[in-house]
Amino acid sequence: MKEHLKDCSRLEGSTSYAAYDPEDVDLLSNDHCDTTHHIIRESRTQVTESYLTWSILNCMTCNPILGLVAITLSVMSTSSLNQGKDRTGQLYRRAAYKLNVLTTVLGAATYISLYMVYIMTDMLDIT
């Protein structure tokens with residue numbers, strides 16, 4: 001047996017194994033023993049960041065329009081992943097990430113520009 005298979009329990013003459021890989025299911029089902037094997041596939045839940053918090057912060061501080069689009073993409077990403085549409089969820093997730101990066105950079109550039117204009121007008125008022 002492979003190392004990542006566990007002998008879960010002994011049940012009245014049968015052996016129960018947990019299969020973590022699709023290959024293991026074939027390995028166990030092709031086993032020619034006189035005992036019955038109960039095969040359990042454990043679902044691997046991936047914890048993925050949808051960037052919703054970052055999107056909300058961008059909406060409140062940087063750019064409300066791009067922030068709302070990022071919030072929408074983040075929610076669509078989470079919804080798709082919950083429905084089992086991994087590929088679609090990951091595409092929305094990447095789009096939300098890229099939009100959040102763009103919004104943060106544009107917001108920071110705007111704040112720096114406004115600060116520089118404020119400093120320059122303050123300097124001109126002194127003389």
Side-chain angles (χ1 to χ4, degrees):
M1 292 288 157
K2 293 187 177 182
E3 291 179 11
H4 55 275
L5 289 177
K6 291 189 229 174
D7 185 4
C8 294
S9 63
R10 297 268 178 201
L11 302 171
E12 298 179 12
S14 67
T15 306
S16 178
Y17 290 96
Y20 295 98
D21 225 354
E23 296 173 5
D24 300 333
V25 175
D26 293 333
L27 174 73
L28 289 173
S29 61
N30 291 334
D31 193 12
H32 301 292
C33 297
D34 55 352
T35 58
T36 307
H37 294 285
H38 302 281
I39 301 166
I40 304 165
R41 286 193 192 200
E42 292 188 5
S43 63
R44 295 182 183 176
T45 57
Q46 297 178 348
V47 178
T48 57
E49 177 66 36
S50 68
Y51 306 113
L52 183 60
T53 306
W54 190 10
S55 301
I56 292 170
L57 287 174
N58 276 334
C59 185
M60 293 187 320
T61 59
C62 294
N63 188 328
I65 296 170
L66 292 177
L68 284 174
V69 174
I71 289 172
T72 304
L73 288 171
S74 297
V75 169
M76 290 171 65
S77 168
T78 304
S79 176
S80 294
L81 290 171
N82 288 340
Q83 293 175 3
K85 300 176 184 175
D86 293 337
R87 182 159 171 77
T88 306
Q90 292 300 328
L91 288 173
Y92 285 137
R93 181 181 166 274
R94 267 187 246 121
Y97 175 78
K98 290 176 183 178
L99 189 59
N100 278 319
V101 169
L102 176 69
T103 306
T104 302
V105 168
L106 289 176
T110 302
Y111 286 125
I112 290 170
S113 300
L114 290 174
Y115 183 72
M116 295 300 286
V117 167
Y118 174 76
I119 294 295
M120 295 302 271
T121 56
D122 192 38
M123 290 176 68
L124 292 174
D125 287 342
I126 294 174
T127 57

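Keep in mind the model is a prediction, meaning the values are calculated, not measured. Atoms considered below: every heavy atom in the structure, side chains included; atoms not considered: hydrogens, waters and symmetry mates.
- A donor-acceptor pair under 3.5 Å is formed between the side chain of Asn100 and the backbone N or O of Ala96.
- Under the 3.5 Å distance criterion, the side-chain polar atoms of Ser77 are matched with a main-chain donor or acceptor of Gly89.
- In this structure, Thr53 OG1 and Asn58 CG are separated by 11.0 Å, a value rounded to the nearest 0.5 Å.
- To the nearest 0.5 Å, the span separating CG on Leu73 from CG on Leu68 amounts to 11.0 Å.
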Please report the C-alpha distance between Gln90 and Leu81 in whole Å, then the side-chain angles of each, then the deciding distance to 0.1 Å, and finally whether the side-chain contact (heavy atoms from CB on, under 4.5 Å) criterion is met. CA-CA 8 Å; Gln90 292 300 328; Leu81 290 171; 4.0 Å; yes
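- More than 12 heavy atoms of other residues, nucleotides or ligands lie within 6.0 Å of CD1 in Ile119, so this atom counts as buried by the packing criterion.
- The minimum heavy-atom distance linking Glu49 with Arg93 is given by the pair O-NE, 2.9 Å.
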Could you walk me through whether Val117 and Met120 pass side-chain contact (heavy atoms from CB on, under 4.5 Å), step by step? CA-CA 5 Å; Val117 167; Met120 295 302 271; 5.7 Å; no
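- Val69 and Val75 fall into different hydrophobic clusters, where Ile, Leu, Val, Met, Phe, Trp and Tyr are joined by side-chain heavy atoms under 4.5 Å apart, directly or via other members.
- Taken from OG1 in Thr103 to CG in Leu57, the straight-line distance is 12.0 Å, to the nearest 0.5 Å.
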Taking distance alone, no hydrogens or angles, what donor-acceptor pairs closer than 3.5 Å link side-chain atoms of residues 108-115 to residues at least two apart or in another chain?
unit_1 : atom_1 : unit_2 : atom_2 : d
Thr110 : OG1    : Leu106 : O      : 2.7
Tyr111 : OH     : Thr61  : O      : 2.3
Ser113 : OG     : Ala109 : O      : 2.8

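- Linking Ile, Leu, Val, Met, Phe, Trp and Tyr whenever their side-chain heavy atoms come within less than 4.5 Å puts Met76 and Leu66 in one cluster.
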Applying side-chain contact (heavy atoms from CB on, under 4.5 Å), run through Tyr92 and Thr72 and close with a yes or a no. CA-CA 9 Å; Tyr92 285 137; Thr72 304; over 6 Å; no
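- Remark: side-chain polar atoms of Ser74 are paired, donor with acceptor, to backbone N or O of Ser50 under 3.5 angstrom.
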Apply the test side-chain contact (heavy atoms from CB on, under 4.5 Å) to residues Leu102 and Leu99: give CA-CA distance (whole Å), side-chain angles for both, the deciding distance (0.1 Å), then the verdict. CA-CA 5 Å; Leu102 176 69; Leu99 189 59; 4.3 Å; yes
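- Taking the side-chain contact (heavy atoms from CB on, under 4.5 Å) definition, one finds that Ser79 meets it with Gln83, sequence neighbours left out.
- Relative ring orientation between Tyr97 and Tyr51 is described as tilted, the plane-to-plane angle lying within the 30° to 60° band.
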